[in-house]
4 protein chains.
Amino acid sequence: MTKKQDNILSAALELFANEGFNATSTNQIAKKAGVSEGLIFKHFKNKKGLLDALVRQVEGKLGEAFSPVIFETEPNEIIKNTIEIPFKMPDADYNFWRLQFKLKWEVEYHHPEKMKPIKDKLTSAFAELNYDSPEMEAGLLQHLIESISVNILREGKESQIAYKDFLLEKYKL
Amino acid sequence: MTKKQDNILSAALELFANEGFNATSTNQIAKKAGVSEGLIFKHFKNKKGLLDALVRQVEGKLGEAFSPVIFETEPNEIIKNTIEIPFKMPDADYNFWRLQFKLKWEVEYHHPEKMKPIKDKLTSAFAELNYDSPEMEAGLLQHLIESISVNILREGKESQIAYKDFLLEKYKL
Amino acid sequence: MTKKQDNILSAALELFANEGFNATSTNQIAKKAGVSEGLIFKHFKNKKGLLDALVRQVEGKLGEAFSPVIFETEPNEIIKNTIEIPFKMPDADYNFWRLQFKLKWEVEYHHPEKMKPIKDKLTSAFAELNYDSPEMEAGLLQHLIESISVNILREGKESQIAYKDFLLEKYKL
Amino acid sequence: MTKKQDNILSAALELFANEGFNATSTNQIAKKAGVSEGLIFKHFKNKKGLLDALVRQVEGKLGEAFSPVIFETEPNEIIKNTIEIPFKMPDADYNFWRLQFKLKWEVEYHHPEKMKPIKDKLTSAFAELNYDSPEMEAGLLQHLIESISVNILREGKESQIAYKDFLLEKYKL
DNA sequence: TATGAATGAGTATTCATTCAT
DNA sequence: GATGAATGAATACTCATTCAT
């Protein structure tokens, strides 16, 4: 991965995440990255290939963000760590997350199973804690953190911070 | 409003809602509407004007959907009706809702205050029912119905129907 | 000639004279004239027909302007009246003249013979006054008044007024 | 400056000079230049940019044509060289001149000060030769050569050649 | 690896014009 | 006489992509 390749990826991330994939031209990316337009195609074959490369990076970030839940075993900690996910999102990663959420609305990139491991973890956590409908509880919490994440990306962490304590208390954590 | 004007709006709604605003060409709209491309511009000035016309329609639908909450006075009914909003969305209106949610990601069309009346209604309902933090409770429920709505639009009503009863029970309705 | 027909002609004159024939759209004309676009075509068949109608009017103005020369018999008066033509152009007729000069550059409307009667009159005037080369003298004076006219249309009468007296003196009038 | 860039400029010059700026489409230019339409915009940004590039070339030609006047010091030679300007215009440069005169009628390109150096030179020449009103004389001669130039461009050099000797004699050169 | 020239298909939009009312 | 809906062809311009260097 050369310096210029990296420039291209950063430029594309910022533009795709904020303007959208279709609304961004390869010309804009090249200019922002300070490279020739041709180079984008040398490295990433086509515009879609550039998006694919970014999506792979996004998946890495998702893994990082989810790991405190995935590798936890204590049920209360699983729930607590899930609630904390959106609030621990590093500011520098906002564009990765924005891209991830934006792509949910572009058919070919919507993979609902990405959240599956979290859901499963939560389900077994709620089961272990003897909740009546562990799967429903897991789904509900997942809905909540998705919606909170979306709102953080749009309006900043402070706008949602109150929900963190409120939820921790609700789940008696 | 002539027949052809209406055709244009329907075609544009379907395409904007499913493919996205930028990904849809005026040529596609004209073809789907069975009119000449020029007519779009005679009636709506430009592509953006066409979107604006649709957004005005979307706002009408939003009003309709929210009215069972807005005009209700009994607190339990307010909460119940809020939970039911996404499940009462007529199938024929899906594209209006899809457009509404998609536009949230396009800066100039994101108006968070659209949901404000619902939030206020919920807050006073929870207050009347003596919940400890009525505003937080209102926010949480609002997050939930937003996330459920999004998922219904992507995967259909059945995928989320279980949450309706689960929530009604949770709030003892 | 109805009121609306007249509005169309005035609007077209102003636009053609100032923006140019090609740079003016029938839509602009209709708007400025306060009529529907269709009406232009009812009355004038097409955009070219509208120009033709104006050109006919222009020719009338030209006749008016030239008549003090054409119907004069005294040679010194002929020369004097020729020199005065551009300075007697009524301000209200500027657009007619502007159109006339602009059209010189659009091939199909350039009719050099329009100035012929003036040239002939001048030639015989200079002959009668025993100038050595009456035709050359006539041509030269014609060149001068053309150039002066053009400059008046572009920069106003005051910018050229000094030439009037200078020329009158030169020709001892 | 690549070969194709040059082709575009030549094609545009011929078309702009003869058909006019507005009457010429970028498609026509591309075809005549034997390039893709897109290339015009890569090199010149937009149609106006192409015109600007030509105008810069025109200014060069103007400089060339004026230099025998500007760099002359002997007053009679200054006048003689001025009279000869339109007759020395190389046939190959006609389109540059045609464009120059045509643009005088398009507001944003009319720069009357372009002729100022010639006028000044003539004024001092006539002053040195003790004419009564050197500035008026200069203005008159300038008017004449402008009008003669315009007529040469429209009807060819031969149509005006007689004026050259007539003027040289008039000014006793 | 990197550039910049070049393209062909496509984009939103405008145009002069027709026609039913 | 007058309108406004409607069109098909054209317009200036952009796009993702290729290729010679």
Side-chain angles (χ1 to χ4, degrees), chain A residues 1-5 7-8 21-30 33-50, chain B residues 1-5 7-8 21-30 33-50, chain C residues 1-5 7-8 21-30 33-50, chain D residues 1-5 7-8 21-30 33-50:
Chain A
M1 171 90 74
T2 73
K3 186 70 190 345
K4 297 216 170 184
Q5 260 180 85
N7 286 156
I8 293 171
F21 178 73
N22 282 301
T24 300
S25 71
T26 50
N27 178 345
Q28 277 172 75
I29 298 168
V35 303
S36 70
E37 223 174 326
L39 195 58
I40 294 175
F41 294 86
K42 280 273 156 185
H43 284 314
F44 302 97
K45 187 160 163 66
N46 53 33
K47 198 183 166 189
K48 188 78 174 350
L50 183 48
Chain B
M1 171 87 75
T2 71
K3 186 68 188 352
K4 298 217 169 183
Q5 244 177 105
N7 287 155
I8 293 171
F21 177 74
N22 283 301
T24 300
S25 73
T26 51
N27 177 333
Q28 280 171 72
I29 298 169
V35 304
S36 70
E37 220 174 327
L39 193 59
I40 295 174
F41 296 88
K42 283 269 141 125
H43 284 314
F44 302 97
K45 189 159 165 67
N46 52 34
K47 200 183 163 187
K48 186 78 171 355
L50 181 49
Chain C
M1 171 88 75
T2 73
K3 186 69 189 350
K4 297 217 169 184
Q5 260 179 85
N7 286 156
I8 293 171
F21 177 73
N22 282 301
T24 299
S25 72
T26 51
N27 178 346
Q28 277 172 76
I29 298 168
V35 303
S36 70
E37 222 173 328
L39 195 60
I40 295 174
F41 294 86
K42 281 273 155 183
H43 284 314
F44 302 96
K45 187 161 163 67
N46 53 32
K47 198 183 166 188
K48 188 80 174 350
L50 182 49
Chain D
M1 171 88 76
T2 70
K3 186 69 189 349
K4 298 218 169 184
Q5 244 178 103
N7 287 156
I8 293 171
F21 178 73
N22 283 301
T24 300
S25 73
T26 51
N27 177 333
Q28 278 172 74
I29 297 169
V35 304
S36 69
E37 219 175 328
L39 193 59
I40 295 175
F41 296 90
K42 282 270 141 123
H43 283 313
F44 302 97
K45 189 158 166 69
N46 52 34
K47 201 183 164 188
K48 185 77 169 358
L50 182 48

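Protein chains get the first letters and strands the later ones, always in sequence-line order, with residue 1 at the start of each. Not measured: the values here are computed from a predicted model.
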Euclidean distance, atom [atom1] of residue [X] to atom [atom2] of [N] [Å, nearest integer]:
| X | N | atom1 | atom2 | answer |
| --- | --- | --- | --- | --- |
| M1(D) | dA6(E) | CE | P | 12 Å |
| L39(A) | dT18(F) | CG | P | 14 Å |
| N7(C) | dA2(F) | CG | C1' | 13 Å |
| F41(A) | dG4(E) | CZ | P | 16 Å |
| Q5(D) | dG4(E) | CD | P | 13 Å |
| F44(C) | dT18(E) | CZ | P | 16 Å |
| N22(A) | dA12(E) | CG | C1' | 15 Å |
| N27(A) | dA5(E) | CG | C1' | 14 Å |

Of all the choices, [options], which nucleotide is nearest to the side chain of [X] once you look at every atom?
| X | options | answer |
| --- | --- | --- |
| S36(D) | dT7(E), dT3(F), dT17(E) | dT7(E) |
| E37(B) | dT13(E), dA2(F), dT17(F) | dT13(E) |
| N46(C) | dA6(E), dT13(E), dT17(E) | dT17(E) |
| S25(A) | dC15(F), dT13(E), dT3(E) | dC15(F) |

Looking only at side-chain N and O atoms, does T2(C) come under 4.0 Å of OP1 or OP2 in dA2(F)? yes
Using OP1 and OP2 only, check whether a side-chain N or O of H43(B) sits under 4.0 Å from dG4(F). no
Rounded to the nearest 0.5 Å, what separation is found between the [atom1] atom of [X] and the [atom2] atom of [Y]?
| X | Y | atom1 | atom2 | value |
| --- | --- | --- | --- | --- |
| E37(D) | Q28(D) | CD | CD | 10.0 Å |
| K42(D) | Q5(D) | NZ | CD | 13.0 Å |
| T26(D) | F44(D) | OG1 | CZ | 13.0 Å |
| N7(A) | I40(A) | CG | CD1 | 11.0 Å |
| K47(C) | L50(C) | NZ | CG | 9.0 Å |
| K4(D) | I8(D) | NZ | CD1 | 8.5 Å |

F21(B) vs K47(C), nearer the 5' end of DNA chain E by closest nucleotide: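 Nearer the 5' end of the strand: F21(B).
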Using a 3.5 Å limit for the pairing distances, which stems of at least 3 consecutive Watson-Crick or G-U wobble pairs does DNA chain E take part in? E:2-21 with F:2-21
Scan K4(C) against the nucleic acid and name what it touches under 4.0 Å (heavy atoms): base, sugar-phosphate only, or nothing. sugar-phosphate
All heavy atoms of S36(D) vs all of A30(D), minimum pair found to be C-CB, 4.0 Å
Comparing nearest nucleotides in DNA chain F, the 5'-proximal residue of the pair K48(A), K42(C) is K42(C)
If you find the nucleotide of DNA chain F closest to K45(A) and the one closest to I40(B), which residue's nucleotide is nearer the 5' end?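 By nearest-heavy-atom nucleotide position, the 5'-most residue is I40(B).
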